[in-house]
**Student:** 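The structure under discussion is supplied below as structure tokens; questions concerning it will follow.
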There are 2 protein chains.
Amino acid sequence: MVVFSREETEKLKQRLKTGGYKLTPQRRAVLDVIIDNEGKHLSTEEIYDIVKKDCPEIGLATVYRTLQLLEKMGVVCRMNFDDGCNRYELIHDEEDHQHHHLVCINCGNVEEVEGDLLETLEEKIEEKYNFKITNHSVKFFGFCSKCNELNKDKVDD
Amino acid sequence: MVVFSREETEKLKQRLKTGGYKLTPQRRAVLDVIIDNEGKHLSTEEIYDIVKKDCPEIGLATVYRTLQLLEKMGVVCRMNFDDGCNRYELIHDEEDHQHHHLVCINCGNVEEVEGDLLETLEEKIEEKYNFKITNHSVKFFGFCSKCNELNKDKVDD
DNA sequence: CTACAGCTGAATCTATATATCAATTGAAAA
DNA sequence: TTTTCAATTGATATATAGATTCAGCTGTAG
């Protein structure tokens, strides 16, 4: 199925080596699942269920440990959509800052918003509060386009 | 100690009545703790520990239930600073939108940023993605002014 | 090929939060 | 004031995400 994960795997291998870590089949398999499912913001358990197809002997604890490691290595990014579990997303080297997320409070779907657009606000805050910003988390809650339509039919005002 | 919680309590009483809920001593005590500790973003367990002083017989489950209810009534706002528990904050009627938070990744301190400043961005997003925004969560992670100073001394570049 | 630090899976443990249920209570109505 | 009853309570059990432990296994440097 996925063929182009080769490149990502090489990158991970290099990063692991630097930290004195090993590239095991389990870690490779978890990374493959994340690459295969870009944009889906999978949770640890969801990744576990998928990775078991290719790697049936893998343990849940290993998936938890691998995801923590991948986060530390800067390969993935952990996100919290307030649904009680951690979710993960591939980090692309070219993106300087994180993108934002639109979380639908009706169907739970999560959409990504390109761009950052917070530079000006961040500059102001850094100056005013003497706070050195290293990252941010910006989520907008509301109704996605699909639920928006359905809602319109019902409310009809 | 706190004298001016009277007003908040009256407000809560009215809201509870509307929903068919009762104003119990336990609920009153939990609200008092939140009012007494404005700006501290207490967690459920922290609130439980404090409220037990005034109300030793209260159960933890009641505190959880009360906080959920207060949230539903629009009296408090639940926040997630990614430290594994829910934290709560009083909502002031006059504020239209939520303020932002500066979360220090070194000492864990949470500071509030006044103002919203996201209106323009939100307008753009609503139009472009056909997404009806009802709320947002904006957190900036980094080093607070205190840790910034300490850091400067150490790194010194 | 060898040695060994790092890794794994299974089981266990922890922490946060929710559900259950019999007994109690706030407050509306009589 | 007393009655009435749905809402509430505390104790306990349960659910769930995730961390920890440990004996045996395995990548990988040399």
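Chain naming here is simple, since letters A, B, ... match the order of the sequence lines and numbering starts at 1 in each.
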**Student:** Tell me whether the count of non-hydrogen atoms from other residues, nucleotides or ligands lying under 6.0 Å of NZ in A/Lys13 goes above 12.
**Tutor:** no

**Student:** Any carboxylate oxygen within less than 4.0 angstrom of a Lys/Arg side-chain nitrogen, looking at B/Lys53 and B/Asp49?
**Tutor:** no

**Student:** Expressed as a whole number of angstroms, how long is the span from B/Glu45:CD to C/dA15:C1'?
**Tutor:** 8 Å

**Student:** Counting only heavy atoms not in B/Lys40, do more than 12 fall under 6.0 Å of its NZ?
**Tutor:** no

**Student:** Take the protein atom OH of B/Tyr64 and the nucleotide atom C1' of D/dT12, then report the distance between them rounded to whole Å.
**Tutor:** 15 Å

**Student:** Looking at the side chain of B/Ala61, which of C/dC7, D/dT12, C/dA17 is the nearest nucleotide?
**Tutor:** D/dT12

**Student:** Check whether the side chain of A/Arg65 and the base of C/dG9 form a donor-acceptor pair under 3.5 Å.
**Tutor:**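 Indeed there is one.
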
**Student:** Is it the case that D/dT8 (base atoms only) and B/Arg28 (side chain only) share a donor and an acceptor within less than 3.5 Å, ignoring hydrogens and angles?
**Tutor:**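 For B/Arg28, whose side chain was compared with the base of D/dT8, there is no donor-acceptor pair (under 3.5 Å).
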
**Student:** Tell me if the aromatic rings of B/Phe81 and B/His41 count as close, with their centers under 6.0 Å from one another.
**Tutor:**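 For B/Phe81 and B/His41, the ring centres are under 6.0 Å apart.
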
**Student:** D/dA17, OP1 or OP2 - any side-chain N/O from A/Thr44 closer than 4.0 Å?
**Tutor:**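 So the side-chain polar atoms of A/Thr44 never come under 4.0 Å of the phosphate oxygens OP1 or OP2 of D/dA17.
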
**Student:** When the distance from CD of B/Gln14 to P of C/dA27 is rounded to whole Å, what number comes out?
**Tutor:**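 That distance rounds to 11 Å.
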
**Student:** Can you tell me how far P of D/dT16 sits from CG of A/Asp83, to the nearest Å?
**Tutor:** 14 Å

**Student:** Measure the distance from CD on A/Gln26 to P on D/dG27 and round it to the nearest whole Å.
**Tutor:** 8 Å

**Student:** Counting only side-chain nitrogens and oxygens, does B/Gln68 get under 4.0 Å of the OP1 or OP2 atom of C/dT18?
**Tutor:**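 Answer is yes, contact under 4.0 Å.
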
**Student:** Can you tell me the distance, in whole Å, between the CD atom of A/Glu57 and the C1' atom of D/dT26?
**Tutor:** 13 Å

**Student:** Start at the 5' end of DNA chain C and walk down; is the nucleotide closest to B/Leu23 or to B/Leu60 reached first?
**Tutor:**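 The residue mapped nearer the 5' terminus is B/Leu60.
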
**Student:** Can you tell me if the side-chain N/O atoms of A/Thr24 get under 4.0 Å from OP1 or OP2 in C/dG6?
**Tutor:**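 Result: no.
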
**Student:** A/Leu16 has an atom CG; how far is it from atom C1' of D/dT26, in whole Å?
**Tutor:** 15 Å

**Student:** Pick the closest DNA chain D nucleotide for B/Tyr21 and for A/Asn86 by heavy atoms, then say which residue is nearer the 5' end.
**Tutor:**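 The residue closer to the strand's 5' end, by nearest nucleotide, is B/Tyr21.
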
**Student:** Considering only side-chain heavy atoms of B/Lys22, which listed nucleotide, C/dG9, D/dT8, D/dT26, is closest?
**Tutor:** D/dT8

**Student:** Answer with base, sugar-phosphate or nothing: what part of the nucleic acid does B/Ser43 contact at a heavy-atom distance below 4.0 Å?
**Tutor:** nothing

**Student:** Quick check, are the ring centers of B/His101 and B/Phe140 under 6.0 angstrom apart?
**Tutor:**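 Centroid distance B/His101-B/Phe140: not below 6.0 Å, so no.
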
**Student:** Take A/Lys13 and B/Val63, find for each the nucleotide of DNA chain D with the closest heavy atom, and name the residue whose nucleotide sits nearer the 5' end.
**Tutor:** B/Val63

**Student:** Would you kindly give the CD-to-C1' distance between A/Glu46 and D/dT16, to the nearest whole Å?
**Tutor:** 15 Å

